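Values reported hereafter were calculated over all heavy atoms of this structure, with side chains retained and with hydrogens, waters and symmetry mates removed. The model shown is predicted, which means the values in this text are computed figures rather than measured ones. The first residue of the sequence shown is numbered 1, and numbering continues consecutively from there.
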Amino acid sequence: MANVTPPAQPTPSGRTTVGFDLDMTLIDSRPGIRACYVALAERTGTYVDADLAVSRLGPPLVEELVNWFPADQVEEVADLYRAMYPEYAITPTLAMPGARDAIAAVRAHGGRAIVVTAKYEPNAKLHLAHLGIEPDAVIGDLWAEQKALALREHGASVYVGDHTGDVRGARTAGAVSVAVATGPCDAAELREAGADAVLTDLKEFPRWFSDYCSDN
């Protein structure tokens, strides 16, 4: 079993910091990402099964692209995809049910809400601005255990995500792992990965967080 670092310390102000994943946690980016993959396939002349790709969101973009493009082309295609992304993926993307209320719940208890995601950071910020979701910080380009770097830097004591990689990131940071079964991983997978709490969706988060604050 991988070593788990000591729990993240509270921020100097004593405010609780909660980290959130982005895709399939705060936002349902499947329609937008699907549209971008379809456009990418047309642009490059390479077949991409967009429906399959959006069924397994979470890992970094290059891990998906390697399924469709030769390895020596992946970085170049990834740059093209990211450049195309604002045109195709931002407008169709929706907030997940309970997303805004989850952020509001953290603030209602005097806490800070940050977003830590594997998504290219500029595009992550475009999504949040378009949907009117305003976290205290957005940190992109981090996946799984790498997310612990940002969680510890910001003193996050809780991390909320939908993927087993998010659970690993929380545990590596010593943060409480709250998993929502709204992405590619079901509740059983998330529990088996070591999530401290598994919620059906973010609509259950305000009550969970209120209880967490009462106990801590």
Under 4.5 Å between any side-chain heavy atoms of [X] and [Y], yes or no?
{"X": "Val77", "Y": "Arg43", "answer": "no"}
{"X": "Leu80", "Y": "Thr44", "answer": "yes"}
{"X": "Val138", "Y": "Leu128", "answer": "yes"}
{"X": "Leu26", "Y": "Leu202", "answer": "yes"}
{"X": "Leu190", "Y": "Val167", "answer": "yes"}
{"X": "Asp141", "Y": "Tyr120", "answer": "yes"}
{"X": "Leu65", "Y": "Leu40", "answer": "yes"}
{"X": "Ser29", "Y": "Leu57", "answer": "yes"}

* What's the verdict on side chain to side chain contact (heavy atoms under 4.5 Å, CB included) for Thr16 and Val18, showing C-alpha distance, side-chain angles and the deciding distance? -> CA-CA 7 Å; Thr16 299; Val18 178; 4.2 Å; yes
* Quick one: do Asp101 and Lys203 satisfy side chain to side chain contact (heavy atoms under 4.5 Å, CB included)? Show the steps, please. => CA-CA 7 Å; Asp101 288 342; Lys203 291 185 288 185; over 6 Å; no
Report yes or no: do [X] and [Y] belong to one cluster of Ile/Leu/Val/Met/Phe/Trp/Tyr joined by side chain heavy-atom distances under 4.5 Å?
{"X": "Leu22", "Y": "Val158", "result": "yes"}
{"X": "Leu142", "Y": "Val160", "result": "no"}
{"X": "Val178", "Y": "Val106", "result": "yes"}
{"X": "Leu131", "Y": "Val116", "result": "no"}
{"X": "Val48", "Y": "Leu52", "result": "yes"}

Residue pair [X] / [Y]: nearest heavy atoms and the distance that separates them:
{"X": "Ser177", "Y": "Ala195", "value": "OG-CA, 3.6 Å"}
{"X": "Leu151", "Y": "Gly169", "value": "CD1-O, 3.9 Å"}
{"X": "Gly111", "Y": "Arg15", "value": "O-NH2, 3.3 Å"}
{"X": "Thr46", "Y": "Trp68", "value": "CG2-O, 3.3 Å"}
{"X": "Ile114", "Y": "Pro135", "value": "CA-CB, 4.3 Å"}
{"X": "Gly183", "Y": "Met24", "value": "CA-CB, 3.9 Å"}

* Asked: Would the His127 and Tyr85 ring centres measure less than 6.0 Å apart?
  ->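 Under 6.0 Å, so yes.
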* Compute the centroid of each ring, for Tyr81 and then for Phe69, and state whether the two points are separated by less than 6.0 Å. =>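 So the answer is no for these two rings.
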As an exercise, state the distance from [atom1] of [X] to [atom2] of [Y], rounded to the nearest 0.5 Å.
{"X": "Asn123", "Y": "Ile90", "atom1": "CG", "atom2": "CD1", "value": "5.5 Å"}
{"X": "Phe209", "Y": "Ser214", "atom1": "CZ", "atom2": "OG", "value": "10.0 Å"}
{"X": "Lys147", "Y": "Tyr159", "atom1": "NZ", "atom2": "OH", "value": "3.0 Å"}
{"X": "Asp21", "Y": "Asp166", "atom1": "CG", "atom2": "CG", "value": "4.0 Å"}
{"X": "Ile133", "Y": "Ile103", "atom1": "CD1", "atom2": "CD1", "value": "7.0 Å"}
{"X": "Met84", "Y": "Glu42", "atom1": "CE", "atom2": "CD", "value": "8.0 Å"}

Heavy-atom count check: over 12 atoms from other residues, nucleotides or ligands less than 6.0 Å from [X] [atom1]?
{"X": "Arg168", "atom1": "CZ", "answer": "yes"}
{"X": "Glu63", "atom1": "CD", "answer": "yes"}
{"X": "Glu192", "atom1": "CD", "answer": "no"}
{"X": "Arg107", "atom1": "CZ", "answer": "yes"}
{"X": "Tyr212", "atom1": "OH", "answer": "yes"}

Taking [Y]'s backbone N and O only, do any of them form a donor-acceptor pair with [X]'s side chain (distance below 3.5 Å, no angle check)?
{"X": "Arg30", "Y": "Val54", "answer": "no"}
{"X": "Thr93", "Y": "Ala89", "answer": "yes"}
{"X": "Arg152", "Y": "Ala173", "answer": "yes"}
{"X": "Glu189", "Y": "Asp186", "answer": "yes"}

* To do: May I ask you to decide whether Asp196 forms a salt bridge with Arg171, counting only side-chain N to carboxylate O separations under 4.0 Å?
  =>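 Looking at Asp196 and Arg171, the cut-off is not met.
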* Salt bridge check: are Asp23 and Lys119 linked by an N-O gap of less than 4.0 Å? ->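 Salt bridge: yes.
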* In terms of the angle between their ring planes, are Trp143 and His163 parallel, tilted or perpendicular, with boundaries placed at 30° and 60°? ->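 Geometry flag for His163 against Trp143: perpendicular rings.
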* Using the side chain to side chain donor-acceptor pair (under 3.5 Å) rule, pick out the option among Asp162, Asp201, Thr117 that qualifies with Thr25. =>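 Only one of Asp162, Asp201, Thr117 forms a side chain to side chain donor-acceptor pair (under 3.5 Å) with Thr25, namely Asp162.
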* **salt bridge (charged side-chain N to carboxylate O under 4.0 Å, His left out) partners of Arg100, counting only residues at least two apart** =>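 Arg100 satisfies salt bridge (charged side-chain N to carboxylate O under 4.0 Å, His left out) with no residue once adjacent residues are dropped.
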